[in-house]
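What follows is a short report on a single structure.
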Amino acid sequence: MADAEKNLDLMEKLVSLCKRRGFIFPSSEIYGGINGFWDYGPYGVRMKRAIEALWWHEMVETRDNIEGLDSSIICHPRVWKASGHLDQFSDLMTDCRYCKSRFRVDQMEDTAVCSNCGSRNLTEPREFNLMMKTFVGPVFDEEHAAYLRAETCQPIFVDYNLVRIATRQKLPFGVAQIGKAFRNEINPRNFIFRSREFTQMEMEFFCDGEQGLEWFEYWKAQRIKYYREKLQFSDDFFRIYEHEKLAHYAKAAIDIEVKFPFGWGELEGIHHRGTWDLSRHSEFSGEDLQYMDHDNGRKLMPTVVETSVGLDRTFLAILGNAYDEDTAATQKEGMEEDVRIVLHLPPLVAPVQVAVLPLSKKLNESAEKLNTDLNRHFRCEFDSTGSIGKRYRRQDEIGTPFCVTFDFDSAADNAVTVRNRDTMAQERVSIDQLRTYLENAIGI
RNA sequence: GCGAGUGUAGCUCAGCUGGUAGAGCAUCACGUUGCCAACGUGAUUGUCGACGGUUCGAAUCCGUUCACUCGCUCCA
């Protein structure tokens with residue numbers, strides 16, 4: 001099978017598995033769906049929150065100089081004037097009906113003629129803006145227009161000084177935020193890779209411009225380490241793309257790209273944004289956002305180094321990387337082996353980390369008690385239906401790294417079998433040691 | 001937004017030229033089994049994506065629309 005075909009196949013399998021097993025559903029499905037919107041089901045939300053928690057822990061909780069923020073989704077419209085989102089994307093566009101080219105009206109020499117084919121058969125100019133519009137208050141007129149944030153970083157810049165004062169942070173320090181952002185993408189594509197409502201995990205690091213490039217290199221290294229060690233990405237699964245064309249204010253920018261089922265795609269951007277954002281907000285708000293360095297009596301506009309990740313894209317990358325089909329022994333008539341679908345998810349983000357399975361329904365009571373105990377420390381699931389083999393396969397398909405099987409000897413020897421998802425090997429573990437054993441295995 | 005393809009049970013799909021719906025898997029119950037999708041018996045499941053038209057009759061033909069996939073386009 002050709003690579004492209006195989007990859008397409010993988011995407012279809014992921015979409016199907018996600019729906020079937022409750023990871024991700026099309027939004028509003030009973031009404032026919034709505035383009036560019038997705039719902040995270042029971043297993044999906046477990047995993048999504050686990051990824052969020054992992055990022056937050058790595059970026060905020062384990063660092064003294066990064067503060068958290070949870071800003072509103074709707075901001076003052078001038079925020080988007082200052083950021084440039086409103087003007088740059090309020091373009092009037094026209095399409096040539098003949099050759100299908102599209103032009104910005106303000107860039108055309110003659111607004112009645114297609115510069116590509118010379119046709120005069122053009123559509124009426126239409127306004128294109130990627131920001132989602134709404135109205136604040138009950139009156140729906142332009143004076144009350146507002147926008148859902150197109151990225152989570154702008155409110156960080158807007159609140160930067162309040163955060164600094166409240167926390168008494170000195171440069172360099174960062175502010176992180178996880179939240180929804182909205183864009184009216186012309187054409188949402190590739191499952192949850194490009195949707196109109198998505199979650200970003202962003203951290204803006206404020207520093208003295210003289211150290212900007214050093215901090216850029218620092219965060220680049222930190223983020224690569226995170227993907228290698230925490231999400232277990234191998235070196236052939238991700239790559240660094242260095243921007244050749246930089247925004248006028250930026251000094252450096254890279255993207256971390258990963259191998260999605262449809263090809264390489266951006267997962268995270270690490271950008272040196274200079275003083276541009278804070279300068280713009282100073283200018284538009286009239287508020288002086290400069291920083292007073294009391295150590296040397298110097299006043300400066302902080303430089304920003306940004307790390308910006310798409311949570312939904314991380315989710316898709318992890319899923320695609322984890323999906324595997326191998327073969328395993330079966331007792332089905334006339335068959336030696338059968339296909340086994342397994343998600344090799346990193347245990348830290350697996351929706352179910354430990355499945356507790358009684359070997360027989362006769363053992364339900366004791367096994368349920370064990371499940372209740374383990375549930376306090378891990379994401380657990382109890383299942384007693386069907387044969388034990390079937391239950392193992394069910395767990396494989398949702399990526400459960402460990403199955404704990406309570407059997408007929410367990411009550412007597414106070415031990416259970418721990419079955420490994422990846423190797424299918426089993427190990428007898430004392431119930432007293434079980435929590436420690438699982439914590440080590442999961443990497444908590 | 002343009003072009004192409006697809007849409008039938010939870011999933012994968014079959015339903016030829018119109019006669020009002022099927023398989024495998026999954027799910028559930030009971031029995032059996034006791035560590036890798038075992039077996040037996042039984043059961044549940046559909047506005048055939050939506051709306052409209054043609055027809056005595058539409059999953060099937062026609063139109064419109066919605067969604068998904070791919071290629072353009074877009075992606076601050």
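Here is the naming used below: chain letters follow the sequence lines, and residue numbers restart at 1 for every chain. What you see is a predicted model; the values in this text were computed from it and never measured.
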What does the 5'-to-3' dot-bracket notation of RNA chain B look like when only Watson-Crick and G-U wobble pairs under 3.5 Å count, and pairs to other strands show as |? (((((((..((((.....[..)))).(((((.......))))).....(((((..]....))))))))))))....
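For the residue pair Ser410(A)/Asp407(A), the side-chain donor-acceptor check at 3.5 Å is satisfied. Thr417(A) and Gln426(A) are not linked by any side-chain donor-acceptor pair at a separation below 3.5 angstrom, with hydrogens and angles left out of the test. No side-chain N or O of Tyr226(A) forms a donor-acceptor pair with one of Glu268(A) less than 3.5 Å apart.
Look at CD1 on Ile192(A): it is 16 Å from C1' on U69(B), rounded to the nearest Å. Atom CD in Glu266(A) sits roughly 15 Å away from atom C1' in C74(B) (whole-Å rounding). Taking atom CZ of Arg196(A) as the reference point, atom P of C74(B) lies 17 Å away to the nearest angstrom. Atom CG of Leu14(A) and atom P of U69(B) are 12 Å apart (whole Å). The CG atom of Asp383(A) sits 9 Å away from the P atom of U27(B) (whole-angstrom rounding). Spacing between atom CG of Asn190(A) and atom P of C74(B) amounts to 16 Å, rounded to whole angstrom units. Glu197(A) places its CD atom 18 Å from the C1' atom of C75(B), with the value rounded to the nearest Å. Rounded to whole Å, atom P of C72(B) lies 14 Å from atom CZ of Phe262(A).
Closest approach of Arg393(A) to Val339(A), counting heavy atoms only: NH1-O, 4.2 Å. Pairing each heavy atom of Ser71(A) with each of Pro155(A), the nearest pair is OG-CB, 3.1 Å. Contact between Ala350(A) and Gly399(A) at its shortest, heavy atoms only, is CB-O, 3.6 Å. Closest heavy-atom contact between Cys380(A) and Val352(A): C-CG1, 4.1 Å.
Of the options Arg21(A), Arg391(A), Arg419(A), a salt bridge (charged side-chain N to carboxylate O under 4.0 Å, His left out) to Asp396(A) is made by Arg419(A) and by none of the others.
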Tabulated below should be each protein N or O lying under 3.5 Å from an N or O of nucleotides 64-66 of chain B; please produce it.
none

Taking only N/O atoms, report every protein-nucleotides 9-14 of chain B pair under 3.5 Å with atom names and distance.
unit_1: C11(B); atom_1: OP1; unit_2: Lys19(A); atom_2: NZ; d: 2.4
unit_1: C11(B); atom_1: O3'; unit_2: Ser16(A); atom_2: OG; d: 3.2
unit_1: C11(B); atom_1: O2'; unit_2: Ser16(A); atom_2: OG; d: 3.4

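Proximity of a side-chain donor or acceptor of Glu257(A) to a complementary backbone N or O of Trp264(A) within less than 3.5 Å is not detected. The backbone N or O of Leu374(A) sits nowhere less than 3.5 Å from a side-chain atom of Arg435(A) that would complete a donor-acceptor pair.
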Along nucleotides 28-37 of chain B, 5' to 3', which nucleotides get a B, which get an S, and which get a -, given that the test is a protein heavy-atom distance under 4.0 Å? S-----BBBB
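G3(B) and U47(B) are spaced 31 Å apart, taking the P atom of each and rounding to whole Å. Only the P atoms considered, C51(B) is 24 Å distant from G5(B), to the nearest whole Å. Going from the P atom of U8(B) to that of C13(B) covers 9 Å, rounded to whole Å. Spacing between U33(B) and U45(B) at atom C1', rounded to whole Å, works out to 28 Å. The separation of U17(B) from C75(B), taken at their P atoms, amounts to 45 Å, rounded to a whole angstrom.
At the heavy-atom level, Gly265(A) lies nowhere under 4.0 Å from the strands shown.
For Glu427(A), the side-chain hydrogen bond (donor to acceptor under 3.5 Å, both in side chains) criterion is met by Tyr437(A), not counting sequence neighbours.
Between Glu185(A) and Val15(A), it is Val15(A) whose nearest contact on RNA chain B lies nearer the 5' terminus.
The neighbour count for Glu217(A) CD, taken as heavy atoms of other residues, nucleotides or ligands under 6.0 Å away, is above 12.
A ring pair (Phe, Tyr, Trp, His ring centres under 6.0 Å) check over residues 184-206 of chain A, counting only residues at least two apart or in different chains, returns the pairs Trp38(A)-Phe191(A), Tyr160(A)-Phe206(A), Phe173(A)-Phe206(A), Phe193(A)-Phe260(A), Phe193(A)-Phe262(A), Phe205(A)-Trp215(A), Phe205(A)-Trp219(A).
Side-chain nitrogen and oxygen atoms of Asn184(A) include none within less than 4.0 Å of the OP1 or OP2 phosphate oxygen of C74(B).
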Is there a side-chain hydrogen bond (donor to acceptor under 3.5 Å, both in side chains) between Thr385(A) and Arg394(A) once you walk through the steps? CA-CA 11 Å; Thr385(A) 61; Arg394(A) 270 195 202 124; 3.3 Å; yes
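In this structure, Arg421(A) does not pair ionically with Asp324(A), as no charged nitrogen and carboxylate oxygen lie closer than 4.0 Å.
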